[in-house]
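Since the structure comes first, as structure tokens, the remarks are kept for the end.
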Amino acid sequence: MTDIPVDATDTPTPRRKPKPERTEIGGRPLKPSTLMMGHGYDPALSEGSLKAPIFLTSTFAFESAAAGKRHFEGITGKREGGAEGLVYSRFNGPNQEILEDRLAIWDGAEDALTFSSGMTAICILMMAYVSQGDVIVHSGPLYAASEGFVAKVLSKFGVTYVDFPAGATREELDEVLKRAKKQAGENGGKVAMIYLESPGNPTNALVDVEAVKEARDANLGKPCPIAIDNTFLGPLWQRPLEHGADIVAYSLTKYVGGHSDLVAGSIAGAKKWMDPVRALRNTMGGIVDPNTAWMLLRSLETVELRMQRAGENAAKVCVFLKSHPKVTGLGYLGDIQDARQQDIYDRHCLGAGSTFSVFLQGGEAECFRFLDNLQIAKLAVSLGGTETLASHPASMTHLSVPDERKAALGITDSLVRISVGIEDPDDLIADFAQALEHV
Ligand SMILES: Cc1ncc(COP(=O)(O)O)c(C=O)c1O
């Protein structure tokens with residue numbers, strides 16, 4: 001025994017060891033909303049900081065020269081197992097890895113990759129899978145930039161496409177894939193990817209993912225991946241990997257980010273589908289930055305709450321709009337008029353979302369009067385934020401779409417697109433009611 005008083009500065013706390021990850025309790029798997037608070041991050045590795053710090057560094061120190069060699073053997077394929085750990089911030093970083101682990105949970109995916117925008121994710125995904133002579137089969141409509149990337153950019157490298165309308169049946173899909181296979185054969189390539197967007201923007205037309213998988217298996221065999229843009233309903237209201245898709249893509253800018261204050265994207269799926277995309281991202285860059293990744297970790301803590309509230313609000317707003325004399329129709333997944341679309345909804349969707357189209361009496365002038373008189377809802381493109389947004393696709397996001405294609409897709413001058421946020425629903429209804437008086 002010593003009578004010298006204990007001086008805290010002389011007795012440093014022993015270094016804490018990382019805790020094993022907890023993903024179940026008593027055999028009960030933890031739900032995504034619980035895992036969003038801590039999964040993939042251990043405070044012991046960051047001085048006890050409860051929240052992950054933002055790791056602003058371009059490079060990471062190796063423990064030894066041998067560890068550096070081992071890493072490069074992994075990435076160059078000289079050693080099985082690929083890269084280990086963190087090396088350089090174009091490849092990965094702690095914030096991005098925690099984010100990717102948490103995003104994978106929502107879709108039940110083995111692996112996920114994050115990007116600087118939804119379009120970076122989609123472009124790098126497609127480029128990783130196509131070669132000269134290949135064909136991409138895609139549903140229509142797609143987000144205009146995705147459609148443009150296939151038709152105007154990939155075409156410069158000898159890649160062609162075949163598109164089909166969102167609601168296509170199994171028989172129609174068989175015919176489309178046979179045509180695509182023939183086209184690929186003539187060009188000396190293969191059908192490299194089936195790319196879907198469901199629901200389509202702005203009409204909310206749904207794609208039958210199960211039928212696409214059956215048609216793919218019957219006509220092409222397995223190596224051709226089915227990718228789907230799940231931005232409008234994911235991650236809460238649609239889980240496409242459970243219905244036969246191999247890769248799910250997101251603009252995280254929308255519901256996942258959810259506050260209209262960042263731009264980012266992601267893909268998720270089995271590791272074997274992610275690996276070629278990761279390799280191309282390592283070469284090109286395009287990974288989300290650490291600050292944005294940190295903001296997305298914060299967003300993921302409330303994504304379920306926000307989406308639930310927005311979905312409830314949209315249901316209430318649509319009941320009001322449907323009964324209004326100046327409203328001639330709704331493109332809302334909670335009020336589908338077509339039996340086949342309803343069947344796809346019942347099999348694939350867990351909620352109707354909060355982004356929909358509303359058709360007003362009249363045309364552009366009436367829609368503009370409605371939009372210009374909104375007091376709470378903001379007049380802006382984008383969707384899935386905490387605030388309600390409204391836009392006029394025919395004269396804004398879809399202005400460059402040729403008139404015949406707009407007509408075929410049902411994008412008329414009387415269509416207003418609304419993305420409902422998490423405000424008080426009665427305030428929103430009051431706002432829409434007064435704006436409709438100006439129509
Ligand atoms: C369905 C869909 N996919 C992809 C994108 C592109 O995402 P980002 O703007 O994050 O690049 C958008 C953007 O509006 C979108 O609506």
Side-chain angles (χ1 to χ4, degrees), residues 99 103 107 112-127 136 138-153 163 166 193 195-207 209 227-238 240 245 247-268 277 281 284-289 292-293 295-296 299 303 307 310 331 333 349 353-357 378-385 387 389-393 396-401 409 411 415 417-420:
L99 176 61
L103 287 170
D107 281 296
L113 296 169
T114 52
F115 298 85
S116 59
S117 73
M119 280 319 300
T120 314
I122 291 164
C123 296
I124 296 185
L125 166 67
M126 289 183 178
M127 280 192 287
I136 291 187
H138 74 77
S139 62
L142 296 181
Y143 177 61
S146 307
E147 215 161 279
F149 184 69
V150 174
K152 297 186 192 139
V153 181
D163 65 341
M193 173 173 281
Y195 182 84
L196 314 174
E197 188 174 310
S198 183
N201 176 14
T203 54
N204 269 345
L206 293 168
V207 178
V209 182
I228 179 168
D229 184 333
N230 198 33
T231 297
F232 268 54
L233 289 183
L236 217 62
W237 296 311
Q238 183 168 251
I247 300 165
V248 64
Y250 286 97
S251 167
L252 301 175
T253 315
K254 310 297 183 320
Y255 286 101
V256 177
H259 297 73
S260 304
D261 55 6
L262 60 84
V263 173
S266 67
I267 60 168
V277 191
R281 188 188 67 174
M284 294 179 63
I287 192 169
V288 68
D289 69 274
T292 306
M295 289 171 77
L296 282 159
S299 292
V303 69
M307 290 183 78
L333 291 175
C349 304
S354 78
T355 303
F356 55 88
S357 42
K378 308 278 187 298
L379 181 49
V381 298
S382 202
L383 59 120
E387 67 287 284
L389 299 181
S391 63
H392 186 250
M396 298 174 190
T397 45
H398 292 67
L399 185 65
S400 61
V401 177
L409 297 173
I411 304 168
L415 187 163
R417 193 184 75 177
I418 296 174
S419 169
V420 167

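Residue numbers run from 1 in the order of the sequence given. In listed order, ligands and their atoms are each counted from 1.
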Review point. Is there a nitrogen or oxygen of Ser146 sitting under 3.5 Å from a nitrogen or oxygen of ligand 1?
Key: no
**Study point:** Ser251 side-chain N/O to Gly118 backbone N/O, donor-acceptor pair under 3.5 Å
**Key:** no
Practice item. Note the single closest protein heavy atom to atom 13 (C) of ligand 1, along with its residue, its atom name and the distance in Å. Key: Lys254 NZ, 2.7 Å
Check your understanding: Looking only at N/O atoms, are Val263 and ligand 1 under 3.5 Å apart anywhere?
Key -> no
Check your understanding: Within the side chain of Asp229, is there an N or O that forms a donor-acceptor pair under 3.5 Å with the backbone of Leu142?
Key -> no
Check your understanding: Does some side-chain heavy atom of Met295 sit less than 4.5 Å from a side-chain heavy atom of His259?
Key -> no
Study note, to complete from the structure: Nearest non-hydrogen protein atom to atom 16 (O) of ligand 1, with distance, is Tyr143 CD1, 3.7 Å
Exercise for review: Look only at interatomic distance and state if Gly118 has a nitrogen or oxygen under 3.5 Å from any nitrogen or oxygen of ligand 1.
Suggested key: yes
Check your understanding: Counting from 1, what ligand 1 atoms have a heavy atom of Asp229 closer than 4.0 Å?
Key -> 1 (C), 2 (C), 3 (N), 4 (C)
Practice item. Please indicate whether any nitrogen or oxygen in Asn201 is less than 3.5 Å from any nitrogen or oxygen in ligand 1. Key: no
Check your understanding: Heavy-atom distance under 4.5 Å between the side chains of Phe115 and Val277, does that happen here?
Key -> yes
**Study point:** Side chains of Leu383 and Arg417 in contact at under 4.5 Å (non-hydrogen atoms)
**Key:** yes
Point to revise | Top protein contact for atom 11 (O) of ligand 1, by heavy-atom distance | key: Met119 N, 2.9 Å
**Study point:** Close-contact set for ligand 1 against Ala264 heavy atoms, below 4.0 Å
**Key:** 10 (O)
Check your understanding: Do Leu296 and Thr114 come within less than 4.5 Å of each other through their side chains, counting heavy atoms only?
Key -> no
Point to revise | Numbered atoms of ligand 1 (with element) below 4.0 Å of Glu197, judged on heavy atoms | key: 1 (C)
Exercise for review: Compute the shortest N/O to N/O distance between Thr253 and ligand 1 and return yes if it is under 3.5 Å, no if not.
Suggested key: yes
**Study point:** Partner of Leu103 under side-chain contact (heavy atoms from CB on, under 4.5 Å), chosen from Val248, Leu252, Leu113
**Key:** Leu252
Review point. Would you say the side-chain atoms of Glu197 pair up with the backbone N or O of Tyr143, donor to acceptor, closer than 3.5 Å?
Key: yes
